[in-house]
Amino acid sequence: MRVVPTWVVATAAAAPVLLVAGWRVAESRQPAGYDPIRDTISELAGHDAADAWIMVTSLVLMGCCYLTVAAVLHAAGLPSRFLLAVGGVATIALVAFPRPTVGGSLSHGITATVAVLALALWPAGSALWLPRGHGTRHPTRRDPPWAFRRAVGLSATGVLLALFGWCAFEVTSGSRTGLAERVTAVAISLWPLLAVLSARRAHLASAVGGIVRIGPDLPPVSVVPPDPLRPGRGPAPRRPDRLP
């Protein structure tokens with residue numbers, strides 16, 4: 001398992017911080033009619049938002065954090081890292097398709113849906129494609145980090161998809177769209193941090209308790225110590241009383 005640098009942990013931790021700090025600062029700049037329970041985060045980066053650059057910057061930096069984690073987190077497996085990278089690109093692309101002042105936007109809705117679905121499905125990618133650990137065929141194989149185990153990854157994806165369903169319900173027929181979107185966005189942004197911490201913990205545990213082997217594995221060879229009472233091999237010693 002490759003080492004997970006400390007700066008990757010800081011990058012993953014920056015995503016939820018940027019999200020919450022971005023919407024909190026942007027909310028404080030909006031007129032009195034903005035309601036965070038009813039109104040969405042996308043409205044903070046829309047055409048009619050006051051100081052929209054605050055939320056725009058937060059979204060761009062969040063997407064960069066996801067892309068960085070996807071590039072470095074080799075323990076997650078290639079399919080899962082690809083989904084995380086797609087989520088990062090779609091998060092940045094939300095800036096290019098802002099929500100209009102009146103009505104909805106098909107391009108904004110598609111981009112937001114791709115971002116949320118990719119970031120919700122990437123835990124399941126690790127759970128389905130990574131090896132499941134030791135078994136009868138591979139008794140010496142290590143278990144994957146806990147965040148990438150099948151039960152944990154599938155459970156995380158199930159929770160994130162349920163939150164996505166809540167968002168879809170609130171958008172179509174609810175009155176708490178902003179609350180649902182904020183809860184879902186925070187949950188999605190926290191999982192890359194948990195995955196990075198899990199991979200780093202597993203690497204440190206293997207580095208401390210593991211054994212580094214150099215060269216191919218060779219079968220064990222038993223060495224029997226010589227018997228001190230048994231004469232060694234070779235020509236028998238010549239008796240001094242016998243003539244040649």
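For clarity, every value in this text was computed on a predicted model and none was experimentally measured.
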State, to 0.1 Å, how close Gly46 and Pro98 come at their nearest heavy-atom pair, and which atoms those are. CA-CB, 4.4 Å
If you round to the nearest 0.5 Å, how far is CD1 of Ile92 from CG of Leu67? 5.0 Å
Considering non-hydrogen atoms only, spot the tightest contact between Pro192 and Trp122 and give its length. CA-CZ2, 3.7 Å
Compare every heavy atom of Thr111 with every heavy atom of Ala93, then report the nearest pair and how far apart it is. CB-CG2, 3.8 Å
Path from Val17 to Met55 over hydrophobic side-chain contacts below 4.5 Å: no
Give me the atom names and distance for the closest heavy-atom approach of Gly33 to Asp39. O-OD2, 4.0 Å
Only one of Val171, Leu179, Thr177 forms a side-chain contact (heavy atoms from CB on, under 4.5 Å) with Thr40, so which one is it? Thr177
Are any of the side-chain heavy atoms of Val116 and Ile188 separated by less than 4.5 Å? yes
Under 3.5 Å donor-acceptor, Asp35 side chain and Ile37 backbone: yes
Side-chain contact, heavy-atom cut-off 4.5 Å: Tyr34 with Glu43? yes
Going by heavy atoms in the side chains, are Trp191 and Leu119 under 4.5 Å from each other? no
Ignoring hydrogens and angles, tell me if any N or O in the side chain of Arg200 forms a donor-acceptor pair with the backbone of Val4 under 3.5 Å. yes
Backbone of Arg176 reached by a side-chain donor or acceptor of Glu170 within 3.5 Å: yes
Before accepting this row, confirm whether a basic side-chain N of the pair Arg182/Glu27 lies closer than 4.0 Å to the acidic partner's carboxylate O. yes
Taking atom OG of Ser198 and atom CG of Leu193, what is their separation to the nearest 0.5 Å? 11.0 Å
Could you tell me if the side chain of Asp51 sits less than 4.5 Å from the side chain of Ile54, heavy atoms only? yes
What heavy-atom pair brings Ala70 and Ala85 nearest, and what distance separates the two atoms? CB-N, 3.8 Å
If you apply the rule side-chain contact (heavy atoms from CB on, under 4.5 Å), what do you find for Val69 with Leu84, and how did you get there? CA-CA 8 Å; Val69 174; Leu84 181 58; 3.8 Å; yes
Atom pair OG/CZ of Ser155 and Arg150 - distance to nearest 0.5 Å: 12.0 Å
Under the side-chain contact (heavy atoms from CB on, under 4.5 Å) criterion, do Phe148 and Leu73 qualify, and how do the steps go? CA-CA 11 Å; Phe148 307 131; Leu73 192 59; 3.9 Å; yes
Measure the shortest side-chain to side-chain distance between Val89 and Tyr66 over non-hydrogen atoms and say whether it is less than 4.5 angstrom. no
Calculate, to the nearest 0.5 Å, the distance between atoms CG and CG belonging to Leu121 and Leu161 respectively. 5.5 Å
Apart from Phe82 itself, which Ile, Leu, Val, Met, Phe, Trp or Tyr residues share its cluster (side-chain heavy atoms under 4.5 Å, direct or through members)? Val86, Leu106, Ile110, Val114
Decide yes or no for Leu94 and Ser42: does some side-chain heavy atom of the first lie under 4.5 Å from some side-chain heavy atom of the second? no
Got a donor-acceptor contact below 3.5 angstrom from the Ser80 side chain to the Gly77 backbone? no
Is His108 reaching over with its side chain to a backbone N or O of Phe97, donor-acceptor style, under 3.5 angstrom? yes
Over all heavy atoms of both residues, which pair between Ala147 and Ala195 is shortest? Give the atoms and the distance, please. CB-CA, 3.9 Å
Taking Leu19's backbone N and O only, do any of them form a donor-acceptor pair with Ser58's side chain (distance below 3.5 Å, no angle check)? no
Give a yes or no on whether Arg38 atom CZ has more than 12 heavy-atom contacts from other residues, nucleotides or ligands under 6.0 Å away. yes
Would you say Val25 ends up clustered with Trp53 if hydrophobic residues are merged whenever their side chains have heavy atoms under 4.5 Å apart, either directly or through other cluster members? yes
Thr184 (side chain) donor-acceptor with Glu181 (main chain) under 3.5 angstrom: no
In Å, rounded to the nearest 0.5 Å, how long is the span from CG of Leu59 to CD1 of Ile41? 8.0 Å
Hey, does the side chain of Thr157 reach the backbone of Leu154 with a donor-acceptor pair shorter than 3.5 angstrom? no
